[in-house]
Amino acid sequence: MDPATDFHALKSLLQWQVELGADEAIGEAPLNRYELPEAAPAPAPKAAPTVAAPEPREGPDPVVEARNAAARAGDLNSLRAELEGFPHCDLRMGATNLVFADGNPAARVMIVGEAPGRDEDRAGKPFVGRAGQMLDRMFDAIGLNRASPDAETALYITNILPWRPPQNRDPTLPEMNMMLPFVKCHIELVAPEIVVLMGNIPCQALIGQRGITRLRGTWTEVQGRPALPMFHPAFLLRQPLMKREAWADLLALKARLEG
């Protein structure tokens with residue numbers, strides 16, 4: 001039997017060496033213990049991770065599509081049809097009705113509100129809930145009414161958004177930007193003498209400003225037409241002490257119409 005491959009034979013030889021006084025092992029070749037080891041090669045620099053370029057956005061730009069749709073509308077009926085067929089606003093999926101407008105399109109005064117609430121969504125008309133009832137009383141006080149067939153005493157009413165946001169939340173900026181081409185087209189088709197901006201949302205969308213407490217009662221312009229920011233009736237229901245300021249704004253509107 002080859003002792004190199006037999007464990008017990010190798011172990012016996014090692015014990016014999018120990019008994020003879022061997023206390024260290026010596027290799028076949030001399031070992032220089034003072035020799036410095038060779039420097040390890042520097043690691044290769046890691047390549048910088050490559051960042052994948054963002055994938056191009058799929059589908060058309062909703063704002064561009066809204067501009068194209070609004071540009072195709074030559075009258076109010078076709079504008080309503082374009083809105084009904086506009087597929088890019090997700091609000092339509094949770095709404096019951098499209099809330100387009102109410103009142104007389106020949107009116108001298110056009111009111112632009114914020115967005116439909118629950119009552120408006122059910123009825124398909126703007127300002128029909130408690131806030132709408134207050135709006136009617138406010139403008140009746142200066143001789144204007146949405147049901148009037150006479151352009152001199154009529155009102156025409158629409159909103160920035162034609163569909164109700166969930167839980168009556170405020171419209172988001174992307175939603176306003178998407179609907180703004182339709183609103184601008186709506187104003188051009190109606191061609192009112194005066195635009196009333198009811199609340200913060202229409203002020204932000206049409207004049208690029210918020211802060212209705214500061215803006216109300218100060219005349220501005222929307223698409224070349226005089227515009228008057230006013231408190232939203234829903235705000236007045238919560239803050240009845242502000243009705244005095246709203247009455248002052250109504251008188252300013254009446255004076256502008258008479259002057």
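It should be emphasised that the depicted structure is a prediction, and the values quoted were computed from it without experimental measurement.
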### Message
Would you say that Glu114 contacts His232 through its side chain, given a criterion of any heavy-atom pair below 4.5 Å between the two side chains?
### Response
yes
### Query
Between the side chains of Asp121 and Asn97, does any donor sit under 3.5 Å from an acceptor?
no
### Task
Kindly work out whether a path of hydrophobic side-chain contacts (I/L/V/M/F/W/Y, heavy atoms less than 4.5 Å apart) joins Trp247 to Leu197.
no
### Query
Going by atom types only, do Arg164 and Asn168 share a side-chain donor-acceptor pair under 3.5 Å?
yes
### Task
Check whether any side-chain heavy atom of Leu215 sits under 4.5 Å from a side-chain heavy atom of Gln209, and report yes or no.
yes
### Task
Kindly compute the distance separating CG (Leu253) from CD (Glu258), expressed to the nearest 0.5 Å.
10.0 Å
### Message
Could you measure the distance from the CG atom of Asp150 to the CZ atom of Arg108? Nearest 0.5 Å is fine.
### Response
10.0 Å
### Query
Taking Arg92 for the side chain and His88 for the main chain, is one N or O donor matched with an acceptor at less than 3.5 Å?
no
### Message
Please find the pair of heavy atoms, one from Ala115 and one from Pro171, that lie closest to each other, and give the distance.
### Response
CB-CG, 4.1 Å
### Query
Is Arg169 atom CZ crowded by more than 12 heavy atoms from other residues, nucleotides or ligands, each under 6.0 Å away?
yes
### Query
So, do Val222 and Lys184 sit near enough that their side-chain heavy atoms are less than 4.5 Å apart?
no
#### Entry: Nearest heavy atoms of Cys185 and Leu79, plus distance in Å
SG-CD1, 4.0 Å
### Heavy-atom donor-acceptor pair, Glu175 side chain to Thr172 backbone, under 3.5 Å
yes
### Task
For residues Pro181 and Ala70, report the shortest heavy-atom separation together with the two atoms involved.
O-CB, 3.6 Å
### Query
Any chance the side chains of Glu188 and Gln223 put a donor and an acceptor closer than 3.5 Å?
yes
### Task
Answer yes or no: are there more than 12 heavy-atom neighbours, outside Arg210 itself, under 6.0 Å from its atom CZ?
yes
### Task
Would you sort out whether His186 and Met110 count as a side-chain contact (heavy atoms from CB on, under 4.5 Å), showing the intermediate values?
CA-CA 10 Å; His186 207 155; Met110 181 176 185; 3.9 Å; yes
### Query
Is the closest side-chain heavy-atom distance between Met179 and Trp163 below 4.5 Å?
yes
### Message
Suppose we screen for salt bridge (charged side-chain N to carboxylate O under 4.0 Å, His left out). Which residues come up paired with Arg146, at least two apart in sequence or across chains?
### Response
Asp102, Asp136
### same_hphob_cluster(Ile201, Leu161) at 4.5 Å side-chain heavy-atom cutoff
yes
### Query
So, for Phe231 and Met198, which heavy atoms are closest and what is the spacing to 0.1 Å?
O-SD, 3.3 Å
### Query
Is there a chain of hydrophobic side chains (I, L, V, M, F, W, Y, each step under 4.5 Å between heavy atoms) that links Met134 to Val109?
yes
### Carboxylate-amine/guanidinium proximity below 4.0 Å for Arg225 and Glu193
no
### Query
So, the side chain of Arg216 versus the backbone of Gly211: is there a donor-acceptor pair under 3.5 Å, distance only?
no
#### Entry: Heavy-atom pair with the smallest gap, counting every atom of Ile160 and Val183
O-CG2, 3.5 Å
### Query
Taking atom NZ of Lys125 and atom CG of Asp119, what is their separation to the nearest 0.5 Å?
13.5 Å
### Task
Compare every heavy atom of Thr153 with every heavy atom of Gly143, then report the nearest pair and how far apart it is.
O-CB, 3.4 Å
### Query
Rounded to the nearest 0.5 Å, how far apart are CG of Leu155 and CE of Met138?
10.5 Å
### Task
Check the pair Ile142, Leu257 against side-chain contact (heavy atoms from CB on, under 4.5 Å), reporting the backbone distance first and the verdict last.
CA-CA 10 Å; Ile142 60 170; Leu257 289 169; 5.6 Å; no
### Message
Would the distance check show the side chain of Glu65 and the main-chain N or O of Pro60 forming a donor-acceptor pair, the cut-off being under 3.5 Å?
### Response
no
### Task
Report yes if the side chains of Asn200 and Pro229 come closer than 4.5 Å at any heavy-atom pair, otherwise no.
no
### Message
Has Glu120 got a side-chain atom pairing as donor or acceptor with Val128's backbone, closer than 3.5 angstrom?
### Response
yes
### Query
Heavy atoms, side chains only, cut-off 4.5 Å: are Val196 and Val112 in contact?
no
### Task
Under the side-chain contact (heavy atoms from CB on, under 4.5 Å) rule, what do Asn104 and Ser148 come out as? Steps first, then yes or no, please.
CA-CA 7 Å; Asn104 187 345; Ser148 175; 5.9 Å; no
### Message
Hydrophobic clustering (ILVMFWY, side-chain heavy atoms < 4.5 Å, transitive) - are Val63 and Ile187 grouped together?
### Response
no
### Message
When you compare the side chain of Phe139 with that of Leu250, does any pair of heavy atoms fall below 4.5 Å?
### Response
yes
### Stepwise side-chain contact (heavy atoms from CB on, under 4.5 Å) check, Gln204 with Leu173
CA-CA 9 Å; Gln204 181 178 2; Leu173 187 58; 4.0 Å; yes
### Query
When rounded to the nearest 0.5 angstrom, what distance separates CG in Leu83 from CZ in Phe182?
5.0 Å
### Point-to-point distance, once rounded to the nearest 0.5 Å, from CD1 of Ile212 to CD of Glu245
12.0 Å
### Query
Does the Asn145 side chain pair with the main chain of Ala154, one donor and one acceptor, at a distance under 3.5 Å?
no
### Message
Evaluate Glu84 against Arg80 for salt bridge (charged side-chain N to carboxylate O under 4.0 Å, His left out), listing each step before the verdict.
### Response
CA-CA 6 Å; Glu84 289 175 337; Arg80 182 182 185 119; 3.3 Å; yes
### Gln133 side chain reached by Phe127 side chain, heavy atoms, under 4.5 Å
no
### Message
Quick one: does any side-chain atom of Thr158 pair with a main-chain N or O of Phe100 as donor and acceptor, under 3.5 Å?
### Response
yes
### Task
Only counting residues at least two apart or in another chain, list the ones meeting side chain to side chain donor-acceptor pair (under 3.5 Å) with Ser78.
Asp75
### Message
Is there a continuous path of hydrophobic side-chain contacts, each under 4.5 Å between heavy atoms, that joins Met176 to Met178?
### Response
yes
